[in-house]
Engineer: 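Sending over a structure as structure tokens; questions will come in a sec.
This one's a predicted model, so the numbers in the text were calculated from it and none came from an experiment. Position 1 is the first residue of the sequence; numbering continues from there.
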Amino acid sequence: MILCIDGVLDSAELTELHQLLQQGQFLDGKLTAGTYAKVVKENEQWQSEAAAKQQAQTLVLTALQRHPLFQSVAQPRSICPILFSRYQSGMSYGVHMDNALMGEGATLMRTDISLTLFLSDPATYTGGELAIDTSLGEQTFKLAAGSMVMYPSTFLHHVTPVTEGVRLAAVTWVQSLIRNPSEREILFELDTVRQALFEKYGKTVEFDLLCKLHGNLLRKWVEF
């Protein structure tokens with residue numbers, strides 16, 4: 001399932017994040033790319049002193065942790081440290097697959113869900129769409145600053161060339177408690193329905209049965 005979520009960061013958070021990104025420097029993005037992705041990765045990755053880097057990553061991570069829709073869809077077990085990318089005119093990221101495993105040692109994790117959080121007003125740059133290769137063909141995304149697209153890490157994808165302006169984005173990956181994407185979607189839809197029933201009718205027999213079904217499927221499918 002591909003899902004767009006608006007307003008993950010508000011205007012004040014975006015301003016703070018942009019100020020933090022001005023403190024460091026952007027280096028060649030190939031430094032954080034996998035062996036094969038390096039061939040097609042033409043962007044820049046933000047690096048900064050530890051305090052600013054932690055502050056920027058925590059700002060985005062806190063926004064994800066508090067967002068009920070993200071939590072319901074992703075069922076996150078682990079989230080990779082946030083990376084901040086910059087695409088200037090002429091830069092792009094060719095077709096690639098995200099690494100199935102990221103980190104090392106105790107931090108090693110499986111990537112189930114990829115996230116791109118857009119940080120630039122789309123009116124300020126040309127090109128730079130995130131293009132995802134799906135069973136329905138290529139789907140492209142260029143969202144408002146502060147909005148996010150999340151999609152299965154099993155999809156090939158690329159970022160089209162930026163021809164004018166600057167594209168800033170935060171990216172990360174999630175290992176879900178629910179490995180199977182179709183099972184995650186079932187749990188999300190059940191959760192959506194039970195919330196809607198509760199808001200409309202309160203605690204009913206039908207609501208209790210949905211809670212039972214959701215909870216028992218969660219027990220059946222969850223992986224620690």
Engineer: For Phe207, does its backbone N or O pair with a side-chain atom of Arg194 as donor and acceptor, under 3.5 Å?
Structural biologist: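 No, the answer is negative, given that no donor and acceptor are paired below the 3.5 Å cut-off.
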Engineer: Starting from Met148, can I reach Leu14 by hopping between I/L/V/M/F/W/Y residues whose side chains sit under 4.5 Å apart?
Structural biologist: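 Looking at the clustering, Met148 is in the same group as Leu14.
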Engineer: For a quick test of reading the model, state the closest non-hydrogen atom pair linking Leu119 to Phe84 and the distance between them.
Structural biologist: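 Closest heavy-atom pair between Leu119 and Phe84: CD1-CD2, 4.1 Å.
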Engineer: Would you kindly confirm whether Ile132 and Val162 end up in one hydrophobic cluster when ILVMFWY residues are joined by side chain heavy atoms under 4.5 Å apart?
Structural biologist: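 Looking at the clustering, Val162 is in the same group as Ile132.
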Engineer: Could you pull out the closest heavy-atom pair between His158 and Glu138, with the gap in Å?
Structural biologist: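 What the structure gives for the nearest pair is CE1-OE1, 3.0 Å.
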Engineer: With side-chain contact (heavy atoms from CB on, under 4.5 Å) as the test, would you mind laying out the steps for Ile2 and Val149 before giving the verdict?
Structural biologist: CA-CA 7 Å; Ile2 300 175; Val149 59; 3.8 Å; yes
Engineer: I'd like to know whether CZ of Arg219 has more than 12 heavy-atom contacts from other residues, nucleotides or ligands below 6.0 angstrom.
Structural biologist: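 Not buried by this count: 12 neighbours or fewer within 6.0 Å.
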Engineer: What are the two closest heavy atoms between Ala145 and Pro122, and how far apart are they?
Structural biologist: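 Smallest interatomic distance, heavy atoms only, reads N-CD, 4.2 Å.
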Engineer: Taking Thr192 for its side chain and Phe188 for its backbone only, find out whether a donor-acceptor pair lies under 3.5 Å.
Structural biologist: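 Indeed, once roles are kept as given, a pair shorter than 3.5 Å links the two residues.
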Engineer: Evaluate the side-chain contact (heavy atoms from CB on, under 4.5 Å) criterion for residues Leu115 and Val174: first the C-alpha distance (whole Å), next the side-chain angles of each, then the deciding distance (0.1 Å), finally the verdict.
Structural biologist: CA-CA 8 Å; Leu115 307 178; Val174 176; 4.1 Å; yes
Engineer: In sequence, state the C-alpha distance, the side-chain angles, and the governing distance for Val166 and Tyr87, and then conclude on side-chain contact (heavy atoms from CB on, under 4.5 Å).
Structural biologist: CA-CA 6 Å; Val166 176; Tyr87 293 77; over 6 Å; no
Engineer: Take atom CD in Gln65; do more than 12 heavy atoms of anything else shown fall under 6.0 Å from it?
Structural biologist: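 Result for CD/Gln65: enclosed.
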Engineer: Hey, any chance Val95 and Val159 share a hydrophobic cluster, counting ILVMFWY side chains that come within less than 4.5 Å of each other, even indirectly?
Structural biologist: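 Unlinked, Val95 and Val159 end up in two clusters.
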Engineer: Without swapping roles, check the side chain of Ser85 against the backbone of Gln45 for a donor-acceptor pair under 3.5 Å.
Structural biologist: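 It does not hold such a pair.
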Engineer: When you check the side-chain N and O atoms of Gln55 and Glu16, is any donor under 3.5 Å from an acceptor?
Structural biologist: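 The criterion, which ignores hydrogens and geometry beyond distance, is satisfied for Glu16 and Gln55.
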Engineer: Please check this pair: side chain of Thr62 against backbone of Thr58, looking for a donor-acceptor N/O pair closer than 3.5 Å.
Structural biologist: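 Yes, the answer is positive, given that a donor and an acceptor are paired below the 3.5 Å cut-off.
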Engineer: State, yes or no, whether a side-chain contact exists between Val193 and Leu210 at a heavy-atom distance under 4.5 Å.
Structural biologist: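 Sidechains of Leu210 and Val193: in contact.
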Engineer: Are the side chains of Glu223 and Arg110 in contact, using a 4.5 Å heavy-atom criterion?
Structural biologist: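 When only atoms from C-beta onward are counted, Glu223 and Arg110 do touch, with a gap below 4.5 Å.
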Engineer: When you check the side-chain N and O atoms of Ser72 and Asp191, is any donor under 3.5 Å from an acceptor?
Structural biologist: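 Present: a donor and an acceptor within the cut-off.
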Engineer: Ring-plane angle category for Tyr151 and His157, please: parallel below 30°, perpendicular beyond 60°, tilted otherwise.
Structural biologist: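 Plane angle over 60°, so perpendicular.
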Engineer: With a 4.5 Å limit on heavy-atom distance, are the side chains of Leu101 and Leu108 in contact?
Structural biologist: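 They are in side-chain contact.
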Engineer: When you measure from the side chain of Ser48 to the backbone of Gln23, do you find a donor-acceptor pair of N or O atoms at a distance under 3.5 Å?
Structural biologist: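 Side chain of Ser48 to backbone of Gln23: no pair is present.
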Engineer: Is it the case that Thr160 and Glu129 place a side-chain donor and acceptor less than 3.5 Å from each other?
Structural biologist: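 Yes, Glu129 and Thr160 have a side-chain donor paired with an acceptor closer than 3.5 Å.
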Engineer: Within the 4.5 Å heavy-atom criterion, are Leu130 and Thr140 side-chain neighbours or not?
Structural biologist: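 SC-SC contact between Leu130 and Thr140 ruled out.
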Engineer: Would you check if Phe198 and Thr204 make a side-chain contact, meaning some heavy-atom pair closer than 4.5 Å?
Structural biologist: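 No. Closest side-chain heavy atoms not under 4.5 Å.
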Engineer: Please check if the side chain of Ser89 supplies one atom and the backbone of Thr163 the other of a donor-acceptor pair under 3.5 Å.
Structural biologist: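 Side chain of Ser89 to backbone of Thr163: a pair is present.
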Engineer: Tell me whether Trp46 contacts the main-chain N or O of Leu21 through its side chain, where contact means a donor paired with an acceptor under 3.5 Å.
Structural biologist: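 Indeed, once roles are kept as given, a pair shorter than 3.5 Å links the two residues.
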Engineer: Less than 4.0 Å between a side-chain N and a carboxylate O, is that true for Glu42 and Lys30?
Structural biologist: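 A salt bridge links Lys30 with Glu42.
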Engineer: Should Leu218 and Ile178 be marked as a side-chain contact (heavy atoms from CB on, under 4.5 Å) after you check the CA-CA gap, both sets of side-chain angles, and the distance that decides it?
Structural biologist: CA-CA 8 Å; Leu218 191 61; Ile178 311 299; 3.9 Å; yes
Engineer: Could you tell me which non-hydrogen atom of His214 sits nearest to which non-hydrogen atom of Leu190, and how far apart they are?
Structural biologist: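 Heavy-atom minimum between the residues: CD2-CB, 4.1 Å.
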Engineer: Determine, stepwise, if the pair Asn43 / Tyr93 fulfils side chain to side chain donor-acceptor pair (under 3.5 Å).
Structural biologist: CA-CA 7 Å; Asn43 68 2; Tyr93 198 160; over 6 Å; no
Engineer: Starting at CZ of Arg184, measure out to CZ of Arg179 and round the result to the nearest 0.5 Å.
Structural biologist: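 CZ of Arg179 is found 10.5 Å from CZ of Arg184.
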Engineer: Quick one, Leu217 and Glu183 - any side-chain contact, counting heavy atoms below 4.5 Å?
Structural biologist: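 Contact flag for Leu217/Glu183 side chains = no.
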Engineer: Test the Lys142-Tyr125 pair against the cation-pi criterion, namely NZ or CZ under 6.0 angstrom from the six-membered ring centroid and within 45° of the ring axis.
Structural biologist: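 The answer is yes; both the distance and angle limits are met.
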Engineer: The test is side chain to side chain donor-acceptor pair (under 3.5 Å); show your working for Thr134 and Gln139 and say whether it passes.
Structural biologist: CA-CA 7 Å; Thr134 76; Gln139 298 186 44; 3.3 Å; yes
Engineer: Can you tell me how far CG of Asp112 sits from OG1 of Thr154, rounded to the nearest 0.5 angstrom?
Structural biologist: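 Answer for the OG1-CG pair, Thr154 versus Asp112, is 9.0 Å.
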Engineer: Starting at CD of Gln175, measure out to OG of Ser153 and round the result to the nearest 0.5 Å.
Structural biologist: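 It is 10.5 Å, given to the nearest 0.5 Å.
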Engineer: Could you state the interatomic distance from CD1 (Ile79) to CD (Gln57), rounded to the nearest 0.5 Å?
Structural biologist: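 Output value for this atom pair is 12.0 Å.
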Engineer: Return the CD to CG distance between Gln47 and Asp28, rounded to the nearest 0.5 Å.
Structural biologist: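 Spacing of CD (Gln47) from CG (Asp28) equals 11.0 Å.
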Engineer: As an exercise, state the distance from CG of Leu168 to CD of Gln88, rounded to the nearest 0.5 Å.
Structural biologist: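 The CG atom of Leu168 sits 9.0 Å away from the CD atom of Gln88.
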Engineer: So do Met102 and Asn99 actually touch side chain to side chain, heavy atoms under 4.5 Å?
Structural biologist: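 Of all side-chain heavy-atom pairs linking Met102 with Asn99, at least one is under 4.5 Å.
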Engineer: At their closest point, which heavy atom of Leu27 faces which heavy atom of Leu31, and how far apart are they?
Structural biologist: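 For Leu27 and Leu31, the tightest heavy-atom pair comes out as CB-CD1, 4.2 Å.
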Engineer: Does a donor on one side chain and an acceptor on the other come within less than 3.5 Å for Ser114 and Asp98?
Structural biologist: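 The answer is yes; a qualifying pair exists.
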Engineer: So, for Ala169 and Arg167, which heavy atoms are closest and what is the spacing to 0.1 Å?
Structural biologist: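 Result for this residue pair: CB-NH1, 3.8 Å.
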Engineer: Counting neighbours of CD on Glu49 that are heavy atoms of other residues, nucleotides or ligands and sit closer than 6.0 Å, is the number greater than 12?
Structural biologist: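 Counting other residues, nucleotides and ligands, CD of Glu49 exceeds 12 neighbours.
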Engineer: Could you see if Leu143 belongs to whatever hydrophobic cluster contains Ile113? Use Ile, Leu, Val, Met, Phe, Trp, Tyr and a side-chain cutoff under 4.5 Å.
Structural biologist: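 Result: no, two separate clusters.
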Engineer: Tell me whether Leu17 shares a hydrophobic cluster with Ile5, the cluster being built from Ile, Leu, Val, Met, Phe, Trp, Tyr side chains joined at under 4.5 Å.
Structural biologist: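 The answer is yes; both residues are in one hydrophobic cluster.
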Engineer: Flag the pair Phe70 / Met150 as yes when at least one side-chain heavy-atom distance between them is below 4.5 Å, and no otherwise.
Structural biologist: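 The answer is yes; the side chains approach within 4.5 Å.
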